[in-house]
2 protein chains.
Amino acid sequence: MQRPLSPSDRRILRILQSDGRITNSALAEKVGLAASPCLRRLKALEEDGVIEGYRAMVNRKVLGFGVEAFVFIKLEQSEPGWRTRLVERLKGYEEVIACHALAGEIDLLVHAVARDIESFGEFTMNRLLTLPGVADVRSSFVLSNIKPMAPIPVPDHS
Amino acid sequence: MQRPLSPSDRRILRILQSDGRITNSALAEKVGLAASPCLRRLKALEEDGVIEGYRAMVNRKVLGFGVEAFVFIKLEQSEPGWRTRLVERLKGYEEVIACHALAGEIDLLVHAVARDIESFGEFTMNRLLTLPGVADVRSSFVLSNIKPMAPIPVPDHS
DNA sequence: AGTGAAATGACCATAAT
DNA sequence: ATTATGGTCATTTCACT
């Protein structure tokens, strides 16, 4: 189902996770490959879905989002259809920068940004609590990003 | 303290958050600029720290990490020094792909990956619970990534 | 290895302040 | 005048075959 990763592939993945915009030729040099085979490997990794995309990390505060928070949501037990629609609505909110379904006490973990505390309040009150199927909503503001979005470790073998 | 963002800057940020490896010339075309001024703006955004970096998004399962989890940590009240050292240790763990300090019930929210449930257990037992200053550790496995790492919205004005 | 495309820097034009 | 914007062109470097 998945071609095994060569040592070069692994080096490529390590480098690209910390510098996603490096040129292929600079990448090739770091990896210890000629440009041409390096590019072929990179394309293959993209093609195979090992690399799912590239993203610029933007400073949220510069964009006017002074508040970052996590919202812990418990759902009511209800027909499956409700849950699907709830999740679709949630995904549609642009304040939601990530959302995970969890096992255990909390059903949904929502990572959100907002301009300020007031607009975050508006968001939770008007857009989260009003979703049908939501039993409980608790929010915690992020005080500091201790470790922001670190790379996934790339072991020498899978 | 921060140069205001031009409409072109905002378009650049929107595009680069969903395609961080787009060539400058393709970016320029989408933005509606010539390549040269587009590149100048891009460099300035990096220089000013508006863009904090670029990252390839890698499929964790391909790398052998079948398990993704959030760990909710409560700390004991203790001297500030302990907390700093605890946080440093936490940052050093490569299983930890993100970590936030939160206000409220939970003090630290840790986002982690592991090869399987057993090795996640080893991680929580031997590396988290043993940290001095930790009062309580609770873990929830991620069942699904409902909305994985969406862009931060870029308003037309800040 | 070669060729077409992209990146990059020097320099100019225009408009708003 | 100064600042901020964008454009053109020439050169080097890169991507890709």
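Bear in mind that the values here come from a model prediction, so they are computed numbers and not experimental data. Computation of the quantities below employed the complete heavy-atom set of this structure, encompassing side-chain atoms and omitting hydrogens, waters and symmetry-equivalent molecules.
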### Query
Nucleotide by nucleotide, 5' to 3', does protein get under 4.0 Å of the base (B), only the sugar-phosphate (S), or neither (-) in nucleotides 4-17 of chain C, counting heavy atoms?
--SSSBB-------
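Taking the side-chain hydrogen bond (donor to acceptor under 3.5 Å, both in side chains) definition, one finds that B/Glu29 meets it with nothing, sequence neighbours left out. Every residue was checked against the salt bridge (charged side-chain N to carboxylate O under 4.0 Å, His left out) condition with B/Lys30, not counting sequence neighbours, and none meets it. Under the side-chain contact (heavy atoms from CB on, under 4.5 Å) criterion, A/Met125 pairs with A/Leu129, not counting sequence neighbours. For A/Tyr54, the ring pair (Phe, Tyr, Trp, His ring centres under 6.0 Å) criterion is met by no residue, not counting sequence neighbours. Applying the ring pair (Phe, Tyr, Trp, His ring centres under 6.0 Å) criterion to A/Phe65, with sequence neighbours excluded, gives no partner residue.
Pairs of residues two or more places apart, or lying in two chains, that qualify as salt bridge (Lys or Arg N to Asp or Glu O under 4.0 Å) and include a residue from residues 7-18 of chain A are A/Arg3-A/Asp9, A/Asp9-A/Arg41, A/Arg14-A/Asp156. Residue pairs satisfying the salt bridge (Lys or Arg N to Asp or Glu O under 4.0 Å) criterion with at least one member in residues 81-97 of chain B, sequence neighbours excluded, are listed as follows: B/Glu88-B/Lys91, B/Glu95-B/Arg127.
Close approach of DNA chain D to chain A, defined as any atom under 4.0 Å from a non-hydrogen atom of the protein, starts and stops at D/dC14 to D/dT17.
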